[in-house]
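Below is one structure; the comments refer to it alone.
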Number of protein chains: 2
Amino acid sequence: MKTIVIGLGGNALLSPSGRQDVGSEMRNAAKVAAQIARVAATGRYRIIITHGNGPQIGDELSRNMHAGKDVPALPFYIMSSETEAQIGTVLELALRNELAKLGKNIEVAAVLTHVLVDPDDKAFRNPSKPIGPFMRKKSGNGVYRKFQNGYRLVVPSPIPKQILETASIRDLSDKGIVIACGGGGVPVIRKGKRYVGVAGVIDKDRATQLLASAMGADMMLLLTDVDYVYTDYGRKTGMIMEAKSSILKKNLRMFEEGTIRPKVEACIEFVESGKGTAYIGSLEKLELVLEGKSGTRIS
Amino acid sequence: MKTIVIGLGGNALLSPSGRQDVGSEMRNAAKVAAQIARVAATGRYRIIITHGNGPQIGDELSRNMHAGKDVPALPFYIMSSETEAQIGTVLELALRNELAKLGKNIEVAAVLTHVLVDPDDKAFRNPSKPIGPFMRKKSGNGVYRKFQNGYRLVVPSPIPKQILETASIRDLSDKGIVIACGGGGVPVIRKGKRYVGVAGVIDKDRATQLLASAMGADMMLLLTDVDYVYTDYGRKTGMIMEAKSSILKKNLRMFEEGTIRPKVEACIEFVESGKGTAYIGSLEKLELVLEGKSGTRIS
């Protein structure tokens, strides 16, 4: 049985308008779940699914900002946890429904995931990830950055060091499909022996790689809205079908920083950490990627 | 190894003022987690923890009501899921920290829990559970009931029929402490073969009993703010130290409906479902309850 870790893009569940609500999330989840269910039904794979939470964490922040006077705002790390649940429920129900269509009785479980980060990570001195609505002025605590459309909260994006629930995720993956590392997981630091939640958004691709490496996965699939990695992401030229991680590593600057580069980096890390193969491909072509008929293969 | 299912009252994490925020939740969680960690450290128990979400789901509803204009409100069942995450993170981190103090390396994991209910449950025709803030007028969808202080949303409280993640919870309990069934779990119904989330709050004690019965637990502990069951809950007279479930069943009317009766009923159900023993006792006396030195014992 092969172990595969599948990372779904944070926008995977968005409606075409770019605006998410749970109804359209459910419809989009059904599409990707149908593919995963067919893969699970072959009985050939141990499957772990991770997902982003970019749009959802922004909405969660908005809700907390608005309700501030009547209801205490939640700490940001608790909002992260809530988005794991929101998307976890949507994905789990979608997977159960698609498995039922196939007449397959396979377990599905979503595990709340907490991820250790380094309190000295330079991301904490330089918060860079914009979250939530544009605002006319700074509001409440936190660091705000001025953009053309107004101020926006920026939070740190520290590098994940250890996934606290690795053993539980591994155990569950022997029995069924596991959903984990939602939104990159809830960031925690150590204070002495204690774990303490911190504000931040861990890059989902990095967290997925860390989990895939810790699991000794055979394959890591990062699925997004492109079929292949391109050296020119905007113009979709320079399509890469197959690459050695060592070559990509020397040419990282070819890849756009905000879009495909973090995925390429995560794939390099994964490949170098063990004997697995990494793939970057389309959310709609999961099975083709698995069969080697679509997507960029990094070995 | 004995399997114990511990139900923590929904108010277990509240501050003394009755108002919750994550800071005071953390402090209260540490107290109960210290006891659970010591029990886990004996190595004699498989431990599953459930918890309520009464105060948290109300706040979640408030946040969604306020943010309605800018951000789509979440369906109620997704709010349920979010409270599982909120409290799950608080409890998991508290448990990990108390275990670390004892130098014990024991896994802790929180599993999102979804609970099947009957779409024909009479609760759906008669929503009875008030949630969230008092309002001057009805707002949005849903059923509102008029109270002295204003209108309040009421949601159904259907009877739980099956916990979808039972197998996963059992697997994880072999390896560490499991947090599950938060807030009674996310209610889902079947439409044909599909699972669909529904608005409602499942009674946490009932869900805890269903899980404990399905696990074939040896002991179920429902911990709350009283040391014992009293026949007169308000005046704390008629303390019951030990009772047969058959006797309690004949005298259910003795127990106040809104407070202790659901717990007594859950204990009766649990005892009658297998060969386990049920206990109702104080959150602060977990270890004494386990040793039979405090709490009402129902067999």
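Numbers restart at 1 for each chain; the letters A, B, ... are given by sequence-line order, proteins then strands.
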Do Glu60(A) and Glu82(B) have side-chain heavy atoms sitting under 4.5 Å apart?
yes
Pick from Ala100(B), Ser168(B), Pro133(B), Gly197(B): which one has the most heavy-atom pairs with chain A under 4.5 Å?
Ser168(B)
Top of Arg190(A), Glu84(A), Glu165(A) for chain B proximity - count of heavy-atom pairs under 4.5 angstrom
Glu165(A)
Can you tell me how far the CD1 atom of Ile78(A) sits from the CG atom of Leu93(B), to the nearest 0.5 Å?
7.5 Å
Heavy-atom pairs under 4.5 Å with chain B: which of Val111(A), Leu172(A), Val108(A) has the most?
Leu172(A)
Note: vs chain B, highest number of non-hydrogen pairs under 4.5 angstrom among Val188(A), Thr83(A), Asp171(A) is Asp171(A)
Using heavy-atom distances under 4.5 Å, tell me whether Met26(A) contacts chain B through its side chain, its backbone, both, or neither.
side chain
Chain B interface, residue from Glu98(A), His114(A), Lys101(A), Lys193(A) that has the most non-hydrogen pairs under 4.5 Å:
His114(A)
When every non-hydrogen atom of Val71(A) is compared with those of Ser62(B), the smallest separation belongs to CG2-CB, 3.3 Å
Taking the side chain as C-beta and beyond, is there a heavy-atom pair between Arg63(A) and Leu74(B) under 4.5 Å?
yes
Going by side-chain contact (heavy atoms from CB on, under 4.5 Å), Thr89(B) matches just one of Ser81(A), Pro75(A), Ser80(A). Which one?
Ser81(A)
Heavy-atom proximity to chain B below 4.5 Å, by part of Ile179(A):
neither
Using modelled atom types and a 3.5 Å cut-off, is there a donor and acceptor pairing between side-chain atoms of Asn97(B) and backbone atoms of Tyr195(A)?
yes
